[in-house]
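Contents: one structure, followed by commentary.
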Amino acid sequence: MMERGLAYRKKALVNWCSKCATVLANEQVVEGCCWRHEDTPVEQRALEQWFLKITAYADQLLDDMKDLEGGWPERVLTMQRNWIGRSAGAEVDFRLADTSTPIRVFTTRVDTIYGATCVILAPEHPLNETLLDDAGKARAKAMVDARANRDPGDILKEGFFSGHYAINPYNGERVPIWVGNFVLMGYGTGALMAVPAHDERDFEFCRKYDIGVRPVIRPVEGELAVEPGMQVSYTEDGVVEESGEWSGLPSEEARRRMSAYAEQNGFGKAAITFRIKDWGISRQRYWGTPIPVIHCPSCGVVPVPEDQLPVILPERIEITGAGRSPLENVPDFVNVNCPRCGGAGKRETDTMDTFIDSSWYFYRYCDPRNSTMPFDPAKIAYWFEIDQYIGGVEHAILHLIYSRFFTKMMRDIGLIRNNEPVRRMFTQGMVIAEGAKMSKSKGNVVGADWLAEKFGADTARMFVLFAAPPEKEVDWRAEGAEGLYRFLGRVYRFATRNVGQPERPATGVTDLPSTTSDRKVLRKLHQTVKKITGDFETRWHFNTCIASIMELVNVLYAEEANISAAVKPEIIEKLALLLAPFAPYVSQEIWDELGREGPVFRQCWPSFDPELAKDEEAEIPVQVNGKLRGRIHVPFGTAKDELERRALADEKVQSAIAGKQVKKVIVIPDKLVNIVVQ
RNA sequence: GCCCGGGUGGCGAAAUCGGCAGACGCAACGGACUUAAAAUCCGUUUUUCCGCAAGGAGAGUGCGGGUUCAAUUCCCGCCCCGGGCACCA
């Protein structure tokens, strides 16, 4: 990555958590605080750090999402889209009135540039060094400091006049240059043109400091706003006015032509800006992969040669928590010879963000013992893409975006051929404990261990699965676990007292037996297999799977006395197989009781007979004006007119429509009859 | 502010393509078994009204409208909760 310029070092303002005593990535900052310590505000420190150039892939990460649609939750894709934050616009040079030094601004609305009434610089903008006097520099610095420990809430817009003017390249107008605390150095060019008439923030700022407001866009069906007197900015697209030769053009077209004009005349160009920034990966921690470079006084930063990879962490180190890498205190690790010139060099002592490891672990899993390279590309070609990945939403802009980045990067260096790591993504809901989301990184995990200890692992597993569908967020509460324990007891008791003599293998009871109970029970059995098979293949709603097994067992209890000995083994066998994914231990017990060989989880999933899963007759609700008035029982496939006749003949229906005129009868075969009367 | 989810009994939830709202479980209550308790088994359990009862009538899926023979499901407006992004020019 270093050779390709995708890994680089720069001195930059980085996020620092004092509790972790390390640097954090932007993605690891949550509402201005550390993702692992929500009460610890992140400080900004200027440090020399390693970055990975994820921005080089911003476009691909965004564009390739179209291939993920359908397979990934929309929510995750939206979060990634927002995080990447692509916005198309233009860069334009305003020039300093006195020295002609260009000040480049980024805007998505070049079409409004005739309405620009000032240029605003970020307080950290490099030009401030030359533009501002000492007092001004002090004010700018105060703004930067105020932002470093800003409240998560809004800060008021503040600014001051720099004492200088800039020239608008389109109309040659002189506009004042201000410094504003709401202008971010890290986005765009760190400078903007304020068009208060057409931007809410600029409007607020310019009103506050009494800088002019000049409307230049009118609604397509409407008049240009009149100033003074504007109460709010008009931020929609419209028709350009008061803008010289561009007047009369629709916003969209004006933007296109005006950026082309800037490019032709050498003072700007169409440009795209991303919100996502490069990934800061240096950590001052022991636990992490060493950054494999050597600092040589004469050669500079030299990568560790491939045949010496991976760099292994030294053991027996002292964790200081001093905010510097503990590796610095290990001379054997630090002092090495430069691979290029052979002179004395020092190993990099920062380690990498652990998200580096999770970005490609699943590739390594395909070839875990390879000692010469990360993995054999042929093996990856065989296994990838991952068909189905499961994880929490909390990783949407962390792990899941980093992994996509790594995949594209490794594709470009020829290690793999796939574009994306994961074809289908499922995000399980978060578990909330006492109002806060549980997570490994926060250490507030309340386990199901005690449940397993009290009721056994089967009950614990069933309980968790039964609580809600897996994509849903759930509040962790243990009420109701006994119900699942009772249920497993019910199943086990039914099975053990009904196994009988197992010498006759009982597969393939395919004809409907004659007794009512047998028919009822076998039908329910096949319906249950059908339902669960369907849920496994599509929805993964295990709560309803378990509910349907409970229904089956309820029927078994109700009919127990009348079930023939011949069908009992088949029922118990399939019951064990159905239950195996949810309660493997109890299922195994039942399997053994049946006298079957081997582990139950090695068996095939039970099949169902669609014919046997059909209800014997249809129960058709009969509505009158949409209200349920009766039910009729008919064979499946009964013709419409017959259904209508039977429905109208029903006693309760008769009394409900007595004295009224039947206007219309809606008949949905095998489903419902609705009689419309007046 | 913008973008996603979500709102259904006392509770967790179900209703998969517009067709019987509340499956299944918890909690509660009643019964059987028991000297007794636990365990187990059986039953009741959205709500209001009428009825001694069998039974009957109405309301009901956050709120207000709409489409439809029919809406938890589709459309419009609003309220509330959760999540994400947030001076991103």
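Quick caveat, the model's predicted, so the values are computed rather than measured.
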Handout entry: For RNA chain B, the residues among residues 182-200 of chain A that have a non-hydrogen atom under 4.0 Å from it
Key =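 The stretch gives A:Phe182, A:Val183, A:Leu184, A:Tyr187, A:Leu192 as the residues lying under 4.0 Å from the strand, ordered by number.
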Handout entry: Within residues 635-650 of chain A, residues whose heavy atoms come under 4.0 Å of RNA chain B
Key =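 Heavy-atom cutoff 4.0 Å gives no residues at all.
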Exercise for the section: May I have all residue pairs that pass salt bridge (charged side-chain N to carboxylate O under 4.0 Å, His left out) and include part of residues 104-115 of chain A, sequence neighbours excluded? Expected result: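 Of all non-adjacent pairs touching residues 104-115 of chain A, those that pass salt bridge (charged side-chain N to carboxylate O under 4.0 Å, His left out) are A:Glu91-A:Arg104, A:Asp93-A:Arg104, A:Arg109-A:Asp111, A:Arg109-A:Asp237, A:Asp111-A:Arg255.
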Practice task
Please list all pairs passing the salt bridge (charged side-chain N to carboxylate O under 4.0 Å, His left out) test where one or both residues lie in residues 542-562 of chain A, with sequence neighbours left out.
Solution key: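 Found A:Arg497-A:Glu560, A:Lys520-A:Glu559, A:Lys524-A:Glu551.
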Rounded off to whole Å, could you give me the [atom1]-to-[atom2] distance for the [X] and [N] pair?
X        : N     : atom1 : atom2 : result
A:Arg255 : B:A89 : CZ    : P     : 12 Å
A:Arg81  : B:A86 : CZ    : P     : 17 Å
A:Lys531 : B:A14 : NZ    : P     : 10 Å
A:Gln527 : B:U16 : CD    : P     : 16 Å
A:Asp475 : B:G12 : CG    : P     : 9 Å
A:Arg275 : B:C87 : CZ    : C1'   : 12 Å
A:Met79  : B:A86 : CE    : C1'   : 14 Å
A:Tyr485 : B:A38 : OH    : C1'   : 13 Å

Parallel, tilted or perpendicular, judged at 30° and 60°: which one describes the rings of [X] and [Y]?
X        : Y        : value
A:Phe205 : A:Phe182 : tilted
A:Phe463 : A:Trp476 : perpendicular
A:Trp178 : A:Phe161 : tilted
A:Trp279 : A:Tyr402 : parallel

Interatomic distance at [atom1], [N] relative to [M], whole Å:
N     : M     : atom1 : result
B:A32 : B:A37 : C1'   : 16 Å
B:U72 : B:U8  : C1'   : 7 Å
B:G10 : B:G62 : P     : 13 Å
B:A14 : B:G25 : C1'   : 11 Å
B:G30 : B:U45 : C1'   : 11 Å
B:C79 : B:G43 : P     : 47 Å
B:A28 : B:A38 : P     : 12 Å
B:A71 : B:A59 : P     : 12 Å

Problem - salt bridge (Lys or Arg N to Asp or Glu O under 4.0 Å) against A:Asp278, all qualifying residues, sequence neighbours excluded - result: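 If we apply the salt bridge (Lys or Arg N to Asp or Glu O under 4.0 Å) test to A:Asp278, skipping adjacent residues, there are no hits.
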Handout entry: Set of residues satisfying salt bridge (Lys or Arg N to Asp or Glu O under 4.0 Å) with respect to A:Glu204, sequence neighbours excluded
Key =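 For A:Glu204 the salt bridge (Lys or Arg N to Asp or Glu O under 4.0 Å) partners, ignoring immediate neighbours, are A:Lys157.
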Handout entry: Over 12 non-hydrogen atoms of neighbours within 6.0 angstrom of OH in A:Tyr485
Key =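 Open: at most 12 neighbouring heavy atoms sit under 6.0 Å from OH of A:Tyr485.
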Problem - More than 12 heavy atoms from other groups under 6.0 Å of CD on A:Glu200 - result: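 Counting neighbours around CD of A:Glu200, 12 or fewer heavy atoms of other residues, nucleotides or ligands fall under 6.0 Å, so no.
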Handout entry: Contact letters for nucleotides 20-27 of chain B, in which S counts primed atoms plus P, OP1 and OP2 and B counts the base, heavy atoms under 4.0 Å
Key = B--BBSSS
Practice task
Give the minimum heavy-atom separation between A:Gly180 and A:Met143, together with the two atoms involved.
Solution key: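 Scanning both residues completely, I find the closest heavy atoms to be C-SD, 4.2 Å.
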Problem - A:Ile103 to A:Leu127 - nearest heavy-atom pair and separation - result: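 Looking at all heavy atoms of both residues, the closest pair is CG1-CD2, 3.4 Å.
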Check nucleotides 1-4 of chain B for protein N or O atoms closer than 3.5 Å to its own N or O atoms and list the pairs.
none

Practice task
Indicate whether any N or O donor in one side chain lies under 3.5 Å from an N or O acceptor in the other, for A:Gln80 and A:Arg404.
Solution key: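 Looking only at side-chain atoms, A:Arg404 and A:Gln80 do form a donor-acceptor pair, the distance falling under 3.5 Å.
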By the 4.0 Å heavy-atom rule, please label [X] as base, sugar-phosphate, or nothing.
X        : answer
A:Pro469 : sugar-phosphate
A:Ile397 : sugar-phosphate
A:Tyr557 : sugar-phosphate

Exercise for the section: If the glycosidic angle is within 90 degrees of 0 it's syn, otherwise anti, so just tell me which one B:C63 is. Expected result: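 Anti for B:C63; the angle lies over 90° from 0.
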Problem - Syn or anti conformation of B:G77, syn meaning chi within 90° of 0 - result: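 Chi for B:G77 falls in the anti range.
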Practice task
Output every pair passing side-chain hydrogen bond (donor to acceptor under 3.5 Å, both in side chains) with a member in residues 645-657 of chain A, not counting sequence neighbours, ordered by first then second residue.
Solution key: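 For residues 645-657 of chain A: A:Glu642-A:Arg645.
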When both hydrogen-bonding distances must be under 3.5 Å and the geometry is Watson-Crick or G-U wobble, what is [N] paired with, if anything?
N     : answer
B:C29 : B:G43
B:G82 : B:C4
B:C74 : B:G66
B:U16 : none

Practice task
Starting at OH of A:Tyr209, measure out to CD of A:Glu158 and round the result to the nearest 0.5 Å.
Solution key: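 If I round to the nearest 0.5 Å, the distance is 5.0 Å.
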Handout entry: A:Arg109 vs A:Asp535, nearer the 5' end of RNA chain B by closest nucleotide
Key =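 Looking at RNA chain B, the more 5' nearest nucleotide goes with A:Asp535.
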Exercise for the section: List for me each residue that meets ring-ring contact (aromatic ring centres under 6.0 Å, His included) alongside A:Tyr492, sequence neighbours excluded, and say none if there are none. Expected result: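 Here no residue qualifies.
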Every protein N/O within reach of nucleotides 54-58 of chain B N/O, cut-off under 3.5 Å:
residue, atom, partner, partner atom, Å
B:G58, OP2, A:Arg629, NH1, 3.2
B:G58, OP2, A:Arg629, NH2, 3.2

Handout entry: Ring-face cation of A:Arg214 near A:Tyr114 (centre distance under 6.0 Å, axis angle within 45°)
Key =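 Negative - A:Arg214 is either too far from the ring of A:Tyr114 or too far off its axis.
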Exercise for the section: Respond yes when some side-chain nitrogen or oxygen of A:Lys472 is under 4.0 Å from OP1 or OP2 of B:A13, and no when none is. Expected result: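 Yes, A:Lys472 has a side-chain N/O under 4.0 Å of OP1/OP2 on B:A13.
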Donor-acceptor list for residues 669-678 of chain A side chains, cut-off 3.5 Å, not counting sequence neighbours:
residue, atom, partner, partner atom, Å
A:Asp670, OD1, A:Gly637, N, 2.9
A:Asn674, OD1, A:Gly626, N, 3.1
A:Gln678, OE1, A:Lys663, NZ, 3.4

Practice task
I would like to know whether A:Arg275 and A:Asn82 meet side chain to side chain donor-acceptor pair (under 3.5 Å); could you show each step before the answer?
Solution key: CA-CA 8 Å; A:Arg275 213 192 69 102; A:Asn82 289 344; over 6 Å; no
Handout entry: Base of B:C87 paired with side chain of A:Lys157 (donor-acceptor, under 3.5 Å)
Key =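 When only heavy-atom distances are counted, A:Lys157 does reach the base of B:C87 through a donor-acceptor pair under 3.5 Å.
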